[in-house]
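The next block holds one structure in the form of structure tokens; read it before the comments.
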Amino acid sequence: MIYLWNVWVGMYYFCQIIMNTILQQLKEDAAASLQTIYSLTIAPTEILINETKPDFAGDYSIVTFALSKQLSLKPDAIAHAIGEHLVANYSEKYAAFDVIQGFLNITIQPVLFLNYLQENINAIQYLPSTGKKIMIEFSSPNTNKPLHFGHLRNNFLGDSLSRILAANGHTVIKSNLLNDRGIHICKSMYAWQAFGNGETPTSSGKKGDHLVGYYYVLFENKMKEEAAAITEELLQNNFSKINESQINATEKLVIAYNNAAEANKKKDIKDKIVDIAKANTNYMQGAREMLLKWEENDADTIALWQEMNSWVITGFENTYSKLGIHFDKYYKESETYLLGKKIVLAGVDNGVLFKKENNSVWIDLTADGLDEKLLLRGDGTSVYITQDIGTAQLKYNDYQLDQSLYVIADEQNYHMQVLKLILQKLGEPCAEGIQHVSYGLVELPSGRMKTREGTVVDADDTMDEMIAIAAKHTNELGKTEGFTTDELDTLYNTIGQGALKFFLLRVDAKKKMIFNPEESIDFHGFTGPFIQYAHARTCAILRKENTNKNVDVTIELLKAEKQVIKLCEQFTQSIMQSAAELNPSILCNYVFSVAKQLNSFLAELKVLTAETEEKKILRLQICELAKNTIATCLQLLGIQAPEKM
RNA sequence: GGUCCGGUAGCUCAGCUGGAUAGAGCAACAGCCUUCUAAGCUGUAGGCCCUUGGUUCGAAUCCAAGCCGGAUCACCA
């Protein structure tokens with residue numbers, strides 16, 4: 001695998017091959033034919049070509065209805081004319097044609113497939129370098145709790161996209177923005193100080209992120225308890241625990257609560273009262289004081305913050321490494337928020353932004369159909385988007401990016417739209433390249449996961465469970481004779497991780513998905529292990545016999561043989577489309593179809609005991625091509641391809 | 001309420017820049033291991049593609065209206 005990777009990297013940097021797929025050639029040739037026959041100038045991309053349905057003879061079908069309109073001729077007449085022209089003038093590529101109701105079904109010369117087989121058998125070719133530099137930010141966790149199942153989708157998407165973009169010839173920088181500052185961080189710090197008794201990851205044997213997460217949840221629970229008590233007092237018209245300035249408004253809410261008739265309305269009002277109670281708990285006051293001290297650079301607070309952050313980050317690194325993910329660059333919100341503030345203040349001087357009477361800074365986006373947006377609070381502290389402005393500029397200056405992608409859940413669509421718009425208005429050169437890779441949240445059957453309510457599925461637990469299930473399945477099948485303990489562990493990890501990654505990547509990222517922890521993730525059908533298994537089986541054949549001999553390019557191809565090569569040949573298209581749509585699920589569907597086709601091929605035809613020596617060579621090479629295509633696709637999905645399983 | 005996203009087989013999802021009889025996987029049913037790994041292969045069954053109207057030779061796909069579900073519109077992050 002390592003060797004192959006080096007080959008790929010080499011190809012990526014030095015290979016300047018212009019990718020010319022069969023489909024592209026057909027489009028170009030069809031466009032040329034139309035030019036010759038009808039003097040019709042049409043871009044090859046405008047020509048609609050589908051794969052020919054299995055019931056008809058042919059490989060690809062040109063759909064001529066649209067042309068019929070432009071040429072004022074019957075579809076069948078055009079189809080016949082193009083078909084005859086193609087077969088007459090490009091006989092080395094097109095063997096035959098057939099016209100059925102406006103569809104021109106073209107049979108590709110087998111030699112084209114056989115040439116592809118020869119040229120790609122040892123290494124599947126990526127696209128030549130574009131010179132384009134793209135940063136992709138993903139994961140970006142808060143440093144107050146461990147990663148959960150939702151992060152897994154984010155991480156796998158980001159990791160896979162970075163690989164896919166690299167395969168498309170771009171230079172990719174993977175970045176991770178740590179949200180390491182703010183009130184949520186102070187909450188876990190406060191609770192640790194109050195209840196931790198000096199507990200550390202070393203003293204407790206707990207993973208750092210889990211340890212800190214425990215105190216975050218503890219804070220929330222304790223604070224909620226206190227808030228519940230205060231709420232009771234408020235409902236009894238006792239307002240002694242809350243801030244004087246809030247008493248009047250709270251009093252009105254309590255009256256409204258008592259007068260409300262409908263249960264829904266009562267609940268809404270009570271929620272508001274609870275919010276006020278929460279803000280007035282000793283816990284929240286403690287956390288706020290801590291944040292203030294942090295911003296004032298209080299030595300003890302900073303020391304505690306650094307220590308607890310380091311625990312979390314060590315924990316994250318452990319998880320990332322288990323997931324097979326690494327980053328080229330870490331950014332920290334604590335290091336960028338001041339830069340953002342500076343840019344915003346400069347924007348005030350330029351007159352792009354404006355101040356309100358209480359000194360808060362705003363941008364007016366009403367002309368763009370959005371609202372006014374706050375960029376700095378009245379007290380001068382920055383809000384969430386302020387640091388994003390700083391980070392965006394910093395990224396651009398660090399790497400001179402052509403494009404800057406953000407893998408962030410779709411709940412932040414508005415936020416990302418606003419961010420780009422603000423940077424544009426500020427005249428920041430980084431603005432144009434910003435693009436949000438939006439994905440749907442992973443939900444449980446019961447609804448959204450919430451750390452504070454303890455309804456999250458933990459990332460580490462999920463991985464461990466997947467590996468355990470992989471081990472169970474593997475042992476039941478009993479095919480791992482001769483494996484060492486280490487090899488077995490690696491295999492369980494490979495399969496468990498493959499199942500999980502494929503499960504999360506196979507669905508269109510834009511769509512939200514529901515994950516039911518009660519139903520285990522499948523290992524059959526449209527899954528990672530299915531594809532890994534096709535790879536392993538093929539490896540088994542190739543271990544027994546391999547060949548360096550060239551295939552006779554005049555050999556006749558059986559349908560099962562041709563189908564495999566034909567699908568493999570569509571690899572380039574598949575990675576181009578995945579990159580264009582920033583969507584790894586396209587690649588998942590593609591590699592599944594290759595694996596399925598390969599399995600059918602292996603079920604139908606003998607390889608090692610083929611009818612003739614020529615057929616054996618051909619089929620061994622088809623195995624090699626398909627195996628490499630599958631391994632390459634899996635690699636682009638961040639999934640390992642085992643040689644035995 | 002404004003904006004955005006989704007609604008396809010019992011379940012999970014492809015297909016959506018309009019094109020041939022709407023496809024996979026799971027679950028169900030029926031076959032296939034003295035022959036390269038059965039985590040596999042082959043077959044059967046299962047569909048008012050949310051509704052209504054429009055555009056078109058042709059609509060799951062485009063447009064409009066509506067229904068259902070979700071996100072978002074904070075001096076939260």
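What you see is a predicted model; the values in this text were computed from it and never measured. Proteins come first, then strands; the chains are lettered A, B, ... in the order of their sequence lines, and each starts at number 1.
Looking at heavy-atom distances under 4.0 Å, F56(A) makes contact with a base. Note on L602(A): a base of the nucleic acid sits closer than 4.0 angstrom, heavy atoms only. The residue S61(A) sits close to a base: some heavy atom pair falls under 4.0 Å. No contact: T381(A) has no heavy atom under 4.0 Å from any strand. Using a 4.0 Å heavy-atom distance criterion, K596(A) is classed as a sugar-phosphate-only contact. I49(A) comes within 4.0 angstrom of no nucleic acid atom, judged by non-hydrogen atoms across all strands. Residue contacts shown for I183(A) are absent, as no nucleic acid heavy atom lies under 4.0 Å away. Across all strands, G378(A) comes closer than 4.0 Å to base atoms (heavy-atom distances). Using a 4.0 Å heavy-atom cutoff across all strands shown, F523(A) reaches at least one base atom of the nucleic acid. A409(A) comes within contact range of no nucleotide atom at all, as no heavy-atom separation falls under 4.0 Å. Contacts of V507(A) with the nucleic acid, taken as non-hydrogen atoms under 4.0 Å apart, involve only primed sugar atoms and P, OP1 or OP2. Across all strands shown, F526(A) has heavy atoms under 4.0 Å from sugar-phosphate atoms exclusively, and none from any base. Counting non-hydrogen atoms under 4.0 angstrom, Q101(A) reaches nothing in the nucleic acid.
Closest approach to the K544(A) side chain among rC36(B), rG25(B), rA14(B) is made by rC36(B) (side chain taken as heavy atoms from C-beta onward). Closest to the F530(A) side chain, of the nucleotides rC41(B), rC13(B), rG69(B), is rC41(B). Of the candidates rC41(B), rC76(B), rU56(B), rC41(B) carries the atom nearest the S600(A) side chain, counting heavy atoms from C-beta on. Distances were taken from every side-chain heavy atom of I100(A) (C-beta onward) to each of rC57(B), rC41(B), rA20(B); the shortest belongs to rA20(B). Counting only heavy atoms from C-beta on, V383(A) has its side chain closest to rA77(B) among rC41(B), rA77(B), rA20(B). Nearest to the side-chain atoms of N142(A) among the listed nucleotides rG25(B), rG69(B), rA77(B) stands rA77(B). Checking rU21(B), rA24(B), rG40(B) against the side-chain heavy atoms of R537(A) singles out rG40(B) as nearest. Closest contact between the side chain of E333(A) and the listed nucleotides rU56(B), rA77(B), rA14(B) involves rA77(B).
rC4(B) sits 25 Å from rU55(B) when the C1' atoms are compared, rounded to a whole Å. Look at the C1' atom in both rC49(B) and rA22(B): the space between them is 7 Å, to the nearest Å. Atom name C1', nucleotides rG58(B) and rC73(B): the rounded distance is 41 Å, in whole Å. A distance of about 15 Å separates the P atoms of rU8(B) and rG70(B), rounded to the whole Å. Across the P atoms, rG18(B) and rC57(B) are found 15 Å apart, a figure rounded to whole Å. For the P atoms, the distance linking rG7(B) with rU51(B) amounts to 13 Å, nearest Å. Remark: the separation of the C1' atoms in rC48(B) and rU3(B) is 32 Å, to the nearest Å. Rounded to a whole angstrom, the distance from the P atom of rG46(B) to that of rC36(B) is 36 Å.
Of the possible polar contacts, one joining the H151(A) side chain to the H148(A) backbone as a donor-acceptor pair under 3.5 Å is found. For the pair S578(A) (side chain) and P584(A) (backbone), a donor-acceptor distance under 3.5 Å is absent. With W305(A) contributing its side chain and D180(A) its backbone, the two residues share a donor-acceptor pair below 3.5 Å.
Summarising the geometry, the separation between NZ on K511(A) and P on rG6(B) is reported as 8 Å, rounded to the nearest angstrom. Counting to the nearest Å, the P atom of rC13(B) and the CG atom of L504(A) are 12 Å from each other. Summarising the geometry, the separation between CD on Q417(A) and P on rA71(B) is reported as 18 Å, rounded to the nearest angstrom. Spacing between atom CZ of R377(A) and atom C1' of rC76(B) amounts to 8 Å, rounded to whole angstrom units.
Using a 3.5 Å distance cut-off with no hydrogens or angles, the side chains of E604(A) and S600(A) do not pair a donor with an acceptor. Side-chain atoms of H184(A) and N179(A) form no donor-acceptor pair, as typed in the model, at a separation below 3.5 Å. Between the side chains of T527(A) and D522(A), no donor N or O sits under 3.5 Å from an acceptor N or O. Using a 3.5 Å distance cut-off with no hydrogens or angles, the side chains of T143(A) and N309(A) do pair a donor with an acceptor.
Here F103(A) counts as stacked on rA20(B): its ring centre is under 5.5 angstrom from the base ring centre and the planes meet at under 30°. Ring-to-base geometry does not place F65(A) in a stacked arrangement with rG58(B) (centre distance under 5.5 Å, plane angle under 30° required).
For rC41(B), the OP1/OP2 oxygens have a side-chain nitrogen or oxygen of N599(A) closer than 4.0 Å. For H524(A), a side-chain nitrogen or oxygen approaches OP1 or OP2 of rG40(B) to under 4.0 Å. The shortest distance between the side-chain N/O atoms of R448(A) and the OP1/OP2 oxygens of rG70(B) is not below 4.0 Å.
With a 3.5 Å ceiling on both atom-pair distances, the Watson-Crick or G-U wobble partner of rG31(B) is rC41(B). Using N1 to N3 plus N6-O4 or O6-N4 for Watson-Crick, or N1-O2 and O6-N3 for G-U wobble, each under 3.5 Å, rG19(B) pairs with rC57(B). In this structure, rC76(B) forms no base pair with any nucleotide, since neither Watson-Crick nor G-U wobble geometry is met with both distances under 3.5 Å. Look at rG69(B): its Watson-Crick or wobble partner, with both distances under 3.5 angstrom, is rC5(B). Judged by Watson-Crick or G-U wobble contacts below 3.5 Å, the nucleotide rC26(B) has rG10(B) as its partner.
rC33(B) has its base syn relative to the sugar, with a glycosidic angle deviating from 0 by at most 90°.
The nearest heavy atom of RNA chain B to R506(A) and to I385(A) marks one nucleotide each, and the one closer to the 5' end goes with R506(A). Of the two residues near RNA chain B, N105(A) and P529(A), the one whose nearest nucleotide lies more 5' is N105(A).
Looking at K510(A) and D508(A), a side-chain N of the basic residue comes within less than 4.0 Å of a carboxylate O on the acidic one, giving a salt bridge.
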- Query: salt bridge (charged side-chain N to carboxylate O under 4.0 Å, His left out) between E487(A) and K644(A): does it pass, once the steps are laid out?
  - Reply: CA-CA 10 Å; E487(A) 282 170 344; K644(A) 291 182 191 172; over 6 Å; no
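With hydrogens and angles ignored, a donor-acceptor pair under 3.5 angstrom links the side chain of D55(A) to the base of rU21(B).
Distance check: K373(A) NZ to D364(A) CG gives 13.5 Å after rounding to the nearest 0.5 Å.
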